[in-house]
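For reference, the structure discussed in these notes is given below.
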Amino acid sequence: MKAFALGVAALIGAMAPAGLAGERDTKVLGDRDTVNAMGRWIYNDLPKGFAAARQSGKPLLVVLRCIP
Amino acid sequence: MARFVCVRLVQANALDLSLFQFDYDLTFAAFFLNADRTVYGRFGSRSHHEAERDISLAGLRKALAAALELHQGYPANRAELKGKQPQPVQFKTPEDYPSLAGKYAPTLNYGPNVAASCVHCHQTREAERLTFRAANKPMPDEVIFPWPIPTVVGLAFDPAEKATVREVTPGSAAAKAGFRPGDEMGSLEGQPLLSIADVQWVLHHAPSPATLHATVQRAGQWQQLTLALEAGWRRRTDISWRATSWDLRRMTTGGLVLKALEDDARRQAALPDSALALRVDYVGEYGEHAAGKKAGFRKDDLIVEIDGQSQRMTESELFGYLLQKRMPGVRIPATVLRAGDRVRLELPMQ
């Protein structure tokens, strides 16, 4: 449960209102680095996700997140 | 989550709208899918400026577990999932809409201005609305009031559950149907429900008027309830919190943000409960959002008549009226109360 909560919280995170353009850029870049570092997520690559689901037989969880 | 292939999309650039149909005003949404693109369910709801008020990790966890159950039962359960599948679309991606065409690349530009290269999900809804406005066509109710929050039919759900009723509004359609707090809604129109978003999916596609069939579990027993929705039912939905309503204000109020007058203030102004009373809370300053200001409207003006309408309505209902009755280029008369005087102005439609 803890791992689930931490994983999802990180994904939902950064819900602060949009700030200046530079801050938004930093958030977008930081999100990619943070999520990729978690290792579990396929980032911005839906075809790769479908291919992995076909190969593994697992369902897909696709999260759509507006960062800035 | 280890039992899922997890994909994170942070852009609507080239988003496949023939698959990803959800409330585009959300900043967080999730889909549970089979590899053959069958939709098991959706997650993510919002009814307020606070983005996280209507969702919870506990609710997401239960939706994930229910999605796994559907996956284990697939494809034998394909028939019950039919109603959850995406509807045909006119434009395959956001960039295919005329107002967005040629403005964005299909992928983000991960340089110093990455945010500017991103198509936001809400731009999809705005682009859809512009196709009507640019053609001088009235917008359908479902385009103005998308993804109705279930409170519009009298149902408030517990965000920590899949689709468990927390409150039933007295006198509402839900109350008349016999819903009670604590009811666990298992299906709506035959569709298994993983989340409040799944309830909204059914409402989003429901006609007007509508008769919707639900199954609920109450005290361990399953019951069938029938929800009867009158014509125009979705027009009571509050859309003022939506990012996409910003562009509706440009179109209809020239950038004015309007708030319904509180009951106490209404009494002080000697206005009856049935009378129109929308206070100008904000006046736009730039571009077409300054049209209201240029027309002479001021902050704290109280609109008591507009286009001959003087009955009580919310800002959202006013959007609906104007978007269906008045096309760009016309100017409509309005009367405001300002420091005790009645002032007549004209509001340009855009």
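These numbers come from the heavy atoms of this one structure, side chains and all, not from hydrogens, waters or symmetry mates. Not measured: the values here are computed from a predicted model. Within every chain, numbering begins at 1; the chains are lettered A, B, ... in the order of the sequence lines, protein sequences first and strands thereafter.
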**Message:** Within the structure provided, determine whether B:Val7 and A:Asp45 are in side-chain contact (heavy-atom separation under 4.5 Å).
**Reply:** no
**Partner set under side-chain hydrogen bond (donor to acceptor under 3.5 Å, both in side chains) for B:Gln21, not counting sequence neighbours** = none
**Request:** Check A:Asn44 against B:Val10 and note the closest heavy-atom contact, atom names and distance.
**Result:** OD1-N, 2.9 Å
**Asked** Do A:Val28 and B:Tyr110 touch side chain to side chain, with heavy atoms closer than 4.5 Å?
**Response** yes
**Request:** Would you mind reporting whether A:Leu64 and B:Leu15 have side-chain heavy atoms less than 4.5 Å apart?
**Result:** yes
**Prompt:** Is there a donor-acceptor pair closer than 3.5 Å between any side-chain N or O of B:His71 and the backbone N or O of A:Gly57?
**Reply:** yes
**Item:** Heavy-atom neighbours of B:Glu285 CD exceed 12 at 6.0 Å
**Value:** yes
**Request:** Specify the closest pair of heavy atoms between A:Trp41 and B:Cys6, including all atoms of both residues, with the distance to one decimal.
**Result:** CE3-CB, 3.4 Å
**Prompt:** Heavy atoms, side chains only, cut-off 4.5 Å: are B:Phe43 and A:Val63 in contact?
**Reply:** no
**Request:** With a 4.5 Å heavy-atom cut-off (strictly below), which parts of residues 72-96 of chain B touch chain A? List them by number.
**Result:** none
**Prompt:** Is chain A contacted by the side chain of B:Asn113, its backbone, both, or neither, given a heavy-atom distance below 4.5 Å?
**Reply:** both
**Prompt:** With sequence neighbours excluded, what pairs up with B:Leu188 under the side chain to side chain contact (heavy atoms under 4.5 Å, CB included) test?
**Reply:** B:Met185, B:Leu193, B:Val199, B:Val202, B:Leu212, B:Ala214
**Message:** Do A:Asp31 and B:Arg8 have side chains that approach each other closer than 4.5 Å (heavy atoms only, starting at C-beta)?
**Reply:** yes
**Message:** Restricting to non-hydrogen atoms, name the atom on A:Leu61 and the atom on B:Ala30 that form the minimum distance, rounded to 0.1 Å.
**Reply:** CD1-CB, 3.9 Å
**Asked** What residues form a side-chain hydrogen bond (donor to acceptor under 3.5 Å, both in side chains) with B:Thr164, not counting sequence neighbours?
**Response** none
**Prompt:** So which of A:Lys48, A:Arg32, A:Arg54 has the biggest tally of heavy-atom pairs under 4.5 Å with chain B?
**Reply:** A:Arg32
**Prompt:** Does any non-hydrogen side-chain atom of A:Leu60 lie less than 4.5 Å from one of B:Phe32?
**Reply:** no
**Least distance between heavy atoms, B:Ala116 atom then A:Asp25 atom** = N-OD1, 4.3 Å
**Prompt:** Based on non-hydrogen pairs under 4.5 Å, which of B:Gly44, B:Ala35, B:Gly111 is most in contact with chain A?
**Reply:** B:Ala35
**Complete:** All heavy atoms of A:Pro59 vs all of B:Arg3, minimum pair found to be CD-O, 3.3 Å
**Request:** With rounding to the nearest 0.5 Å, note down the distance linking CG in B:Leu108 to CD1 in A:Ile67.
**Result:** 10.0 Å
**Main-chain N/O of B:Ala2 paired to A:Lys58 side chain as donor or acceptor, under 3.5 Å** = yes
**Request:** For the residue pair A:Arg65 and B:Thr27, establish whether any side-chain heavy-atom pair is separated by less than 4.5 Å.
**Result:** yes
